[in-house]
**Q** 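What follows is a single structure, and I will ask about it in a moment.
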Amino acid sequence: MSEHQAILDKVTEIIRDLFDEYDGPVTMETTANDVAQWDSLSHVRLMVMIEMELGVHFGTSEMQSFKNLGDLVRAAAKQSG
Amino acid sequence: MIFTDPLFLFAFLPISLIAFYMIAYFFGKNYALAVLFISSVVFYIPYGIASAILLILALVVNFSVAAAITIIGDDNKNRRKIYLAGQAYNIISLCYFKYKIITLLFGPSAGIMVDIAGIAIPAGISFYTFQGAAFLADAYAREKNVAQFLGGLGSTKSICSAFGRYGAFVSFFPQLIIGPITYLSEFNPQIQSKRFLRLNPIDLAVGLSFISIGMFKKVVIADNLAPTVDIVFGAAHVGAEIHPLQAWIGALAYMGQLYFDFSGYSDMALGLARMFGLRYPINFFSPFKANGIIDYYRRWHMTLTRVIARFLYTPLSVAGTRYSMFNRLAPVPAHLLSLWLPMLINFQIIGLWHGALWTFCVFGLMHGFWYALETEVRATKWYKAVKKTASPIILGFIERAVFFLPLLLSLAMFRSESVSGGFHLFSQMFGTAIDARSLFNMREPVVMLTVAFSIIYLCPNSVEIMRRYRPAIMTYENKSYGPAFLRGLWRPGWVQASYISILVIASLYYVSRQPPFLYQGF
C-alpha cells in the first residue's frame, strides 16, 4: 500500500505541474473527467511523463484502459515491483 | 441485398427471424447463432461469389489466429508472430482488394476501382476487416470477453460452434456491409445474457420502428435530394457556369443526402439487430448539431472514429510524444510530432478509407488541418477565458455558425467527381454567374432542403426518441440539442403506430427506385 502511495505522490506532482489550473484533490479515484485540462492529448503527455519519471512502460491500449489514477498506479506498481 | 429491397424486407428478414427464434427455442444458442451466420452469408451472396469466398476466408484466418493466440501461453515467442501474421493478412487483403488500383495511383479509372480479376471491391471489406482486426487485438491483449466467447477449443465440435459464434459476430448482416464496427466487449455480454434468444415483443416493436424511420430517411429524403446533387456536381465536373443559388442548393442538398443516407442506414442497422434481441453501438448522433470538428467526429461514424483513434492516432501520438519528450524537443516541433503529424495521417487514412481518389485526399487534408487547428484554439488561454465568461448559448451558436461553412465545403469536395470540379463548384458558389442557365426547377429541392434541415436541427434523433428502450450502446457521450418541446418519447401506442405507418407508406411509395446506400461503396 505504501508503495502505491509513493507512486501516487509522484503522479500527483506531475499532475500539479501539467494541469496547473486544477487545484482539487488527487486520489486513486481521480479520473480525467475531474480535471478540465485533462483531454485526450494531455492524457498521452501525462502517460509519457509518468513513464519517464517512474521508469515504466505502458502499451498504447493499456494507456486507454485506465479508468482512474488507481488503475494507473497499480499498473505502474506491478512493473516496478 | 440492401435493406430497402422489398425482397430483403418481406422475405429474407421474416424467414431469418422465424428460423432464428425457432432454432433458438429447440436447439439453443450455438445453433441460433449459426443461423445468424448462415443467413448473413446468404444475405452477402448477391454481392458476388468471389466476394463471399473472400469473406469466409477472412473469417477462417482471423478465427484461427484468434484461437491460436488465446490458447498459446504468454511466454511462447510465437504468439506475437502469429498475431502479427493475422493482422498482416487483414492489412494486405484490405489494401489489395480495396486499393490495388492504387498501382494506377489515382489514375483516371480510379473511380471505377475494378481489380485485376475484374470484380468490384468486395462489399463491406473495410468494415468486416476492421471488426476482425479489433477482435484480434482484443484476443492478443487477452480481453476477458474473448476467452469466454471462444469457450473451450478442445474438440472438433467445440471449435465448430466457436467458429459459428465468431461468424455470427463478424458477419451479422445488419452490420456487415456498412457497420457499426462492433467490439466483442459489446456483443459477448449480450449473447451470454439469459434474455438473449427470448422473443420479446418490445424488441420487435422498437426494431420495426427504427427500420421504418431509417427507411423513410433513406428513400424519401436522401433519394429525393439525389437528383439535384447529381445535376449540380455533374455540371461542376465539366466546368459549366452555375448560378450561385443553384450551386449552394447543390452543395446543401449533398449535405442533406449524405446525412439522411447514412443516418437512415444506421437506424435500420440498429432496428434489424434489435429484432434479434441485440443492441449495437451507435454510429450516428446528430452530427450537424456539433459545435466543431472535434465534436463532429464524436457524432459522425462514431465506430470508425474510435477504431481509427485506437489503432492509428493514439499509437502515432504516443510515439511522437515519447520521441519529443525523450529528446527534449522545443515546443513547436514537439507539437508537430505529437499532434499535427498524427492528426494529418489519421485524417488522410480516414479520407482514403472511402476510396483511392484525390477528392478524398483533399477532404482528409481539410479535416486533418481543421481538427488540429481547432484542438490548438481550444487549448489557448484566450479560448478558455472566453468560454468561462461567455453565455454558453451564444458561444454554442457562434461555434455552430463557424463550423457550418467549412463542413459544407469539405463535404462538397468529398462528393465532387474531381478536385478541379470541387474547386469549380466553390468558385460558382461564391461567384457572380447570375446569368447562368438554370439547371433545374428549384421549387422541389428547396422544399426538400427546408424539410431536411428542419429535421436535422430541430428534431431529436431516433436514438433520443427511443431512449426509453435503450436502443443502442453509446460510443461517446453526446449532448442533446434542439427545442425541448419537440423531444417526444416513443412508446407503443396507436398514435405512434400511425406516425410509423405514414413513414412506411411514404417509403414504400418510393422504394421501387432502389438507389444503393452511399456508404456501401466505402
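FYI, side chains are in, hydrogens and waters are out, and symmetry mates aren't considered; it's all heavy atoms of this structure. It should be emphasised that the depicted structure is a prediction, and the values quoted were computed from it without experimental measurement. To find a chain, count down the sequence lines: A is the first, B the second, and so on, and within it residues start at 1.
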**Q** Donor-acceptor pairs between chain A and chain B under 3.5 Å, which ones?
**A**
unit_1, atom_1, unit_2, atom_2, d
Glu51(A), OE1, Arg322(B), NE, 2.8
Glu51(A), OE1, Arg322(B), NH2, 3.3
Glu51(A), OE2, Arg322(B), NH2, 2.7
Phe58(A), O, Arg322(B), NH2, 2.8
Gln64(A), NE2, Thr314(B), OG1, 3.2

**Q** Nearest heavy-atom pair of Phe127(B) and Gly179(B): which atoms, and what distance?
**A** CD2-N, 3.4 Å

**Q** Would you compute the distance between atom CZ of Phe19(A) and atom OG1 of Thr30(A) and round it to the nearest 0.5 angstrom?
**A** 11.0 Å

**Q** How about Phe135(B) and Phe63(B): are their ring centres within less than 6.0 Å of each other?
**A** no

**Q** Applying side-chain contact (heavy atoms from CB on, under 4.5 Å), run through Ile308(B) and Ile349(B) and close with a yes or a no.
**A** CA-CA 9 Å; Ile308(B) 299 258; Ile349(B) 297 290; 4.2 Å; yes

**Q** For Ile7(A) and Leu54(A), run side-chain contact (heavy atoms from CB on, under 4.5 Å): C-alpha distance rounded to whole Å, both residues' side-chain angles, the deciding distance at 0.1 Å, then the answer.
**A** CA-CA 8 Å; Ile7(A) 294 176; Leu54(A) 301 177; 3.7 Å; yes

**Q** Any salt bridge (Lys or Arg N to Asp or Glu O under 4.0 Å) involving residues 343-353 of chain B? Give me the pairs, sequence neighbours left out, ordered by first then second residue.
**A** none

**Q** Heavy-atom distances under 4.5 Å only: say whether Met49(A) touches chain B with side chain, backbone, both or neither.
**A** both

